[in-house]
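Just so you know, ligand 1 is whichever comes first in the structure, and atom 1 is the first atom listed for that ligand.
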Amino acid sequence: MTFSYTQISQYLRCPRSYRYRYLDGWQEKDTRAGMVFGRSFEASLGAYFRREDPGAALFKEWNAYRDTPFDYRKGDTWDRLLHQGIHLLQRFAQDDHVRVFRPTENLQVKVLKSLPGGNEFVAYIDALGKLDGQKCLIDWKTTTSSYPVDTSLLALDPQLICYSWMTGIPDVALVVFVRKAHPEIQYLKTSITDDQREEFGELAHSVIGQIERGEFLAHSGIRFPLNGCTSCAHLGLCLHQQDLIDTQLIRRPGASELDWLAELSD
Ligand code: SF4
């Protein structure tokens, strides 16, 4: 089987949710405008590094969803997201902190790692480039709120640790595009240690073992402030509420063969 960070993190959040998604094929509907916009925005970053017109690329990608009935956050509209995106692209170009050479090779880099037992692990790295002149692995994020300014916390980001484990690259960075009234871009760097990479390998190995043994016990959570179940797309399945299932989920039998696509949705 091929595993990805998305799968490991979903299993760790709740093994039952993992089973619903990857074995039973229940996937969340693409109704969140912010998530779909994030994918369009990342495509426009590719255009920026290829020295094409990133604004035109963003319009083209996002225009495909102009009439899609998304759940927009309060105050958001299709136009507003587009303008925020254009603003962020302009700011990104002015800042000029990030360089990606040979963008066809160094954007959306597919990395495969063989695991014991014939399994493999796949990751799609957003970019391999330089941030303020320092070589690093880069992950883009589009969000509506800023990340904590205490960058020491970043060294505990499991996705960055995973990507560092996959590539062996210790220096990692998050470039966070914050969509708000005055758009902001955060450039956050950290280093991942050998011990962290080794430990992630052990974690992945342990999770894959549990999946192979068919251990999918529910890790329910409804205690403030960690209300895992209330933000879980699979809540309707656990509560047997058909209306919730119908509004949030779509069933794709055989979804486990498309696991690599999940990685692209991060
Ligand atoms: S609703 Fe709660 S218990 Fe059910 S799958 Fe989601 S996180 Fe797990």
Side-chain angles (χ1 to χ4, degrees), residues 1-39 68-74 115 119 121-124 139 141-145 147-148 153-154 156-163 165 174 199-266:
M1 262 187 84
T2 302
F3 293 90
S4 68
Y5 170 75
T6 310
Q7 285 170 270
I8 299 295
S9 87
Q10 179 137 6
Y11 186 91
L12 290 171
R13 209 160 46 230
C14 178
R16 180 63 47 84
S17 173
Y18 177 96
R19 195 193 80 189
Y20 285 144
R21 175 166 173 179
Y22 291 102
L23 275 71
D24 300 345
W26 289 105
Q27 271 188 266
E28 191 169 1
K29 287 182 184 170
D30 260 356
T31 55
R32 290 169 297 168
M35 205 181 79
V36 178
F37 178 78
R39 290 204 292 259
T68 306
F70 285 132
D71 296 331
Y72 283 99
R73 277 166 45 100
K74 195 163 174 268
L115 300 176
N119 294 316
F121 207 100
V122 67
Y124 286 83
D139 195 43
K141 291 278 180 236
T142 49
T143 165
T144 49
S145 46
Y147 273 46
L153 282 174
L154 197 64
L156 300 180
D157 183 303
Q159 190 169 14
L160 291 176
I161 296 171
C162 171
Y163 290 171
W165 168 68
L174 265 190
E199 196 172 46
F200 189 90
E202 288 168 18
L203 179 67
H205 183 70
S206 157
V207 167
I208 290 168
Q210 291 171 71
I211 292 169
E212 288 178 336
R213 289 193 295 277
E215 296 172 11
F216 300 112
L217 295 173
H219 286 190
S220 59
I222 52 162
R223 288 271 170 91
F224 181 84
L226 298 171
N227 303 326
C229 288
T230 54
S231 58
C232 175
H234 298 125
L235 183 62
L237 292 167
C238 283
L239 295 180
H240 307 288
Q241 288 186 5
Q242 193 61 42
D243 54 333
L244 260 183
I245 295 172
D246 292 342
T247 50
Q248 299 227 4
L249 298 171
I250 186 163
R251 190 160 195 196
R252 298 187 199 280
S256 58
E257 291 163 22
L258 301 173
D259 290 339
W260 63 275
L261 284 174
E263 191 73 11
L264 290 174
S265 70
D266 286 333

Margin query: I'd like to know if the side chain of T6 pairs up with that of Q10 as donor and acceptor (distance under 3.5 Å, no hydrogens or angles considered).
Written below: no
Next item on the list: Measure the spacing between CZ of R19 and CD of E215 and express it to the nearest 0.5 Å.
Entry: 13.5 Å
Check: Between W165 and F200, what is the ring plane arrangement, given parallel below 30°, perpendicular above 60°, and tilted in between?
Finding: tilted
Notebook entry, point to check: In terms of side-chain heavy atoms, does Y163 have a donor or acceptor partner in Q159 at a distance below 3.5 Å?
Noted result: yes
Next item on the list: Would you mind counting protein N, O or S atoms that sit less than 2.8 Å from atom 2 (Fe) of ligand 1?
Entry: 1
Item checked: Distance, nearest 0.5 Å, that separates CD of Q248 from CG of L235 -> 7.5 Å
Notebook entry, point to check: Does NE2 in H219 sit with more than 12 non-hydrogen atoms of other residues, nucleotides or ligands closer than 6.0 Å?
Noted result: yes
